[in-house]
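Notes to accompany the following structure.
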Number of protein chains: 2
Amino acid sequence: MVTLAEVAQHAGVSASTVSYVLSGKRSISMGTRQRVEQSIQELGYHPNAGARALASNKSNIVALMVPLRTDMYVPVMMEIAIAVATTARAYGYDVLLLTGEEGPDAVRRVTGSGLADAMILMDVELDDERLPLLRGTDQPSVLIGLPADTSGLTCVDLDFGATGALCVEHLAMLGHRDIAVIGEAPAVYERHTGFAERTLDGLRSRARELGLRVLHRPCEGGYDALAATLARIFDERPGTTGFVVQNESAVEPLLALLRQQGRAVPEDVSVIGICPDQVAVQASVRLTSVAIPAQEMGRRAVEQLVAKLDGRDTDEVALLAPELTVRASTGPLSATG
Amino acid sequence: MVTLAEVAQHAGVSASTVSYVLSGKRSISMGTRQRVEQSIQELGYHPNAGARALASNKSNIVALMVPLRTDMYVPVMMEIAIAVATTARAYGYDVLLLTGEEGPDAVRRVTGSGLADAMILMDVELDDERLPLLRGTDQPSVLIGLPADTSGLTCVDLDFGATGALCVEHLAMLGHRDIAVIGEAPAVYERHTGFAERTLDGLRSRARELGLRVLHRPCEGGYDALAATLARIFDERPGTTGFVVQNESAVEPLLALLRQQGRAVPEDVSVIGICPDQVAVQASVRLTSVAIPAQEMGRRAVEQLVAKLDGRDTDEVALLAPELTVRASTGPLSATG
DNA sequence: AGTCGTTGTCGAAGCGCTTCGACAAAGTAT
DNA sequence: ATACTTTGTCGAAGCGCTTCGACAACGACT
């Protein structure tokens, strides 16, 4: 391993000078800078991360806590994670991957050991047990997702309330009166993951304003589960003509089953997805959808974090505005509907 | 921040004693050990990662390099990543997430800076540009995937050759003679990702032995792409009755299109998927499949790495045996076929 | 009783870096 | 020319830990 001292000797300067060349924290004459940089090149020097962390008290690492469970939105999680990693690198940070498994202990460990300078938490529950720890430490953090109480926290998320409202508005505009929501798996609601409930709230309150009726059913992915759910929906509300699907793995089964039952999309029934664009585009009927801006979320989270680390002020809560893309799965309610 | 010295003072011992309690590298009397542990508890001490790394010359971090592109098998990648993180934690290591973006530079950076003690590389290409670097350093590494030349490297992967052969055998046994392979997107073959080619090789050579005919077509995911591909297949080989699909996002479109064309699965046509079990189970026809053991791969990679770090010998190449699970999408060729 | 391991503890050195204060050398204002 | 600032460099201290050698204290052998 090449050390700072060796570079210094090779360049004929002191160690501190090399350090200042690297950090730019003091001015260095052109000649010296060039000689040092040359030596760094020639010797193939890389600063030792541990020594740097020890001396400067910063690790240049941000921790990213991803959910352990993979019961939902895996591609979204992955996309966020990759966006976080990519953006972080652009700001000179590396990313430490933590799974939710360790829970609050991971927060304590990382905070206490100085392993990371800051944290990003995904899959935040409404009343997440990690939050008190974050509030009680001076380690900067950003949540991707929205807990019930955001005081003292910085959050980035899609505005799921507005997303729900947007879906209703689109369906209402097309003349639909009875709407069914195919939701995430029951487990997602049971652990009070915010986004699912917020979507529902936004959707319901806008529906009330516009005079639509809403029936919500959580649903596991796959054909069998969806077949059962769909049967119950049409049983209870035979006049249902609009669907909002917030569950990637229910999209295709829903389209298939509707087709099978002789209900044409979009002539008889309209379907809106809340899902990444890729899913919407690849479906058997190109899906009208509200996109989940995974990359944007990851990027914004890192930017907020970097701002905090640089001592700049940041938004408390940054909600991204939803955008609805009309494709082939929604249309005006026909007269016979 | 609580330091070792403070713990030592609180417990009435020297710093080195506390260190030895923590590491267990020298024997400590019961009484002392207990007093120290008590102090650690009371003060809420966490060893400083940077100082530890500097003094011991090991970071207890392994780097995981995931592909930046998300054009294939995203859930598999995610599952591997999570398995790596979970297993690594069990061995006391944290995981640093690197994207393929930086390419070989990331290897140099991590190796040179002592940021990580070891690396795991995913999405290895047959002639990967990162390999010379790995061979030229004494930093332990494990590849998930198989390059063309494995000398001096440790690799973990599913035995895709055997996987291809297994698919052919199953179809042959059922009486099928003409087989079509729906492959990954052309880009995957173009960058010479090993697994796709190896599947094909294994499949073709076994087919030759058994006297089956094989037609291979790369294919993007989604309905439109698959519709075109399928048309060409039946055009060229109208008698095709067996399908092997190595592309998650082609499974559902294939099943839908076959249904639409009046070809019953499995009565007229048999379909085998090479995909995670979850995909196979959630498909509209429960899919006979060879599973991609993502978790197992991640776990094994970490275990190999830890073995190397502990100075134990490891396998050069660990190929996991494929397992075929018969479900509802394959059956004997009917007399009329 | 004297010698020899053991066992448990300590002090000190050192890992490679950052950063502070000191200080020549050079430039600027008087 | 003198005093004063600015610029560029250096030496030394110190970040918190691990680890080596030293060495009391103690029981186990002759």
Side-chain angles (χ1 to χ4, degrees), chain A residues 1-37 39-40 43-61 92 94 109-117 309, chain B residues 1-37 39-40 43-61 92 94 109-117 309:
Chain A
M1 272 315 68
V2 186
T3 70
L4 228 213
E6 293 172 314
V7 173
Q9 188 172 8
H10 185 271
V13 299
S14 75
S16 48
T17 300
V18 176
S19 178
Y20 286 123
V21 167
L22 252 31
S23 69
K25 292 192 178 171
R26 287 202 182 170
S27 53
I28 299 285
S29 69
M30 261 263 282
T32 305
R33 152 170 292 119
Q34 285 180 348
R35 251 180 315 132
V36 169
E37 279 167 356
S39 296
I40 288 177
L43 301 180
Y45 169 71
H46 287 268
N48 180 88
R52 203 165 234 201
L54 178 57
S56 68
N57 206 25
K58 7 190 317 246
S59 62
N60 281 296
I61 289 179
D94 273 295
R109 194 166 59 85
V110 168
T111 304
S113 68
L115 229 190
D117 296 333
L309 286 167
Chain B
M1 267 322 64
V2 186
T3 69
L4 227 213
E6 292 172 317
V7 173
Q9 186 171 11
H10 186 271
V13 298
S14 76
S16 48
T17 299
V18 176
S19 179
Y20 286 124
V21 167
L22 252 31
S23 69
K25 291 191 179 174
R26 287 202 181 171
S27 55
I28 298 286
S29 69
M30 263 265 282
T32 306
R33 154 168 290 117
Q34 286 180 348
R35 251 180 315 132
V36 170
E37 279 166 355
S39 296
I40 289 175
L43 300 180
Y45 168 71
H46 286 270
N48 181 87
R52 209 166 228 198
L54 178 57
S56 67
N57 205 24
K58 4 190 317 235
S59 62
N60 281 295
I61 290 180
D94 273 294
R109 193 167 59 84
V110 168
T111 303
S113 68
L115 230 190
D117 296 333
L309 286 166

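Just so we're on the same page: letters track the sequence lines, and every chain starts at 1.
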May I have the list of side-chain donor-acceptor pairs in residues 17-24 of chain B shorter than 3.5 Å, sequence neighbours left out?
{"from": "B/T17", "atom 1": "OG1", "to": "B/S14", "atom 2": "OG", "distance (Å)": "3.2"}
{"from": "B/S23", "atom 1": "OG", "to": "B/S19", "atom 2": "O", "distance (Å)": "3.2"}
{"from": "B/S23", "atom 1": "OG", "to": "B/K25", "atom 2": "N", "distance (Å)": "3.3"}

Residues forming a side-chain contact (heavy atoms from CB on, under 4.5 Å) with A/R33, sequence neighbours excluded: A/I28, A/E37
OP1 or OP2 of D/dT7 under 4.0 Å from side-chain N/O of A/S29: no
Partner set under side chain to side chain donor-acceptor pair (under 3.5 Å) for A/R109, not counting sequence neighbours: A/E102, B/D94
Restricting to nitrogen or oxygen on both sides, can you table the protein-nucleotides 16-19 of chain D pairs closer than 3.5 Å?
{"from": "D/dC17", "atom 1": "OP1", "to": "B/Y45", "atom 2": "OH", "distance (Å)": "2.4"}
{"from": "D/dC17", "atom 1": "OP1", "to": "B/N48", "atom 2": "N", "distance (Å)": "3.2"}
{"from": "D/dC17", "atom 1": "OP2", "to": "B/L4", "atom 2": "N", "distance (Å)": "2.3"}
{"from": "D/dT18", "atom 1": "OP1", "to": "B/R52", "atom 2": "NE", "distance (Å)": "2.9"}
{"from": "D/dT18", "atom 1": "OP1", "to": "B/R52", "atom 2": "NH2", "distance (Å)": "3.4"}
{"from": "D/dT18", "atom 1": "OP2", "to": "B/S19", "atom 2": "OG", "distance (Å)": "2.8"}
{"from": "D/dT19", "atom 1": "OP1", "to": "B/K25", "atom 2": "NZ", "distance (Å)": "3.4"}
{"from": "D/dT19", "atom 1": "OP2", "to": "B/K25", "atom 2": "NZ", "distance (Å)": "2.9"}

Integer-rounded Å distance: D/dT7 P and A/M30 CE: 17 Å
Nearest-Å distance for atom pair CD/P, residues B/Q34 and C/dT9: 12 Å
side-chain hydrogen bond (donor to acceptor under 3.5 Å, both in side chains): pairs with one or both residues in residues 45-60 of chain B, sequence neighbours excluded: B/S59-B/D117
Residues that A/Q9 engages under side-chain contact (heavy atoms from CB on, under 4.5 Å), provided they are two or more places apart: none
Set of side-chain contact (heavy atoms from CB on, under 4.5 Å) partners for A/A11, sequence neighbours left out: A/V13, A/V36, A/S39
Least distance between heavy atoms, B/V2 atom then B/G44 atom: CG2-O, 4.3 Å
Rounded (10°) bend between the five-pair end axes of the helix from C/dA1-D/dT30 to C/dT30-D/dA1: 40°
Any residue meeting side chain to side chain donor-acceptor pair (under 3.5 Å) with B/T111, in chain and number order, not counting sequence neighbours: B/Q139
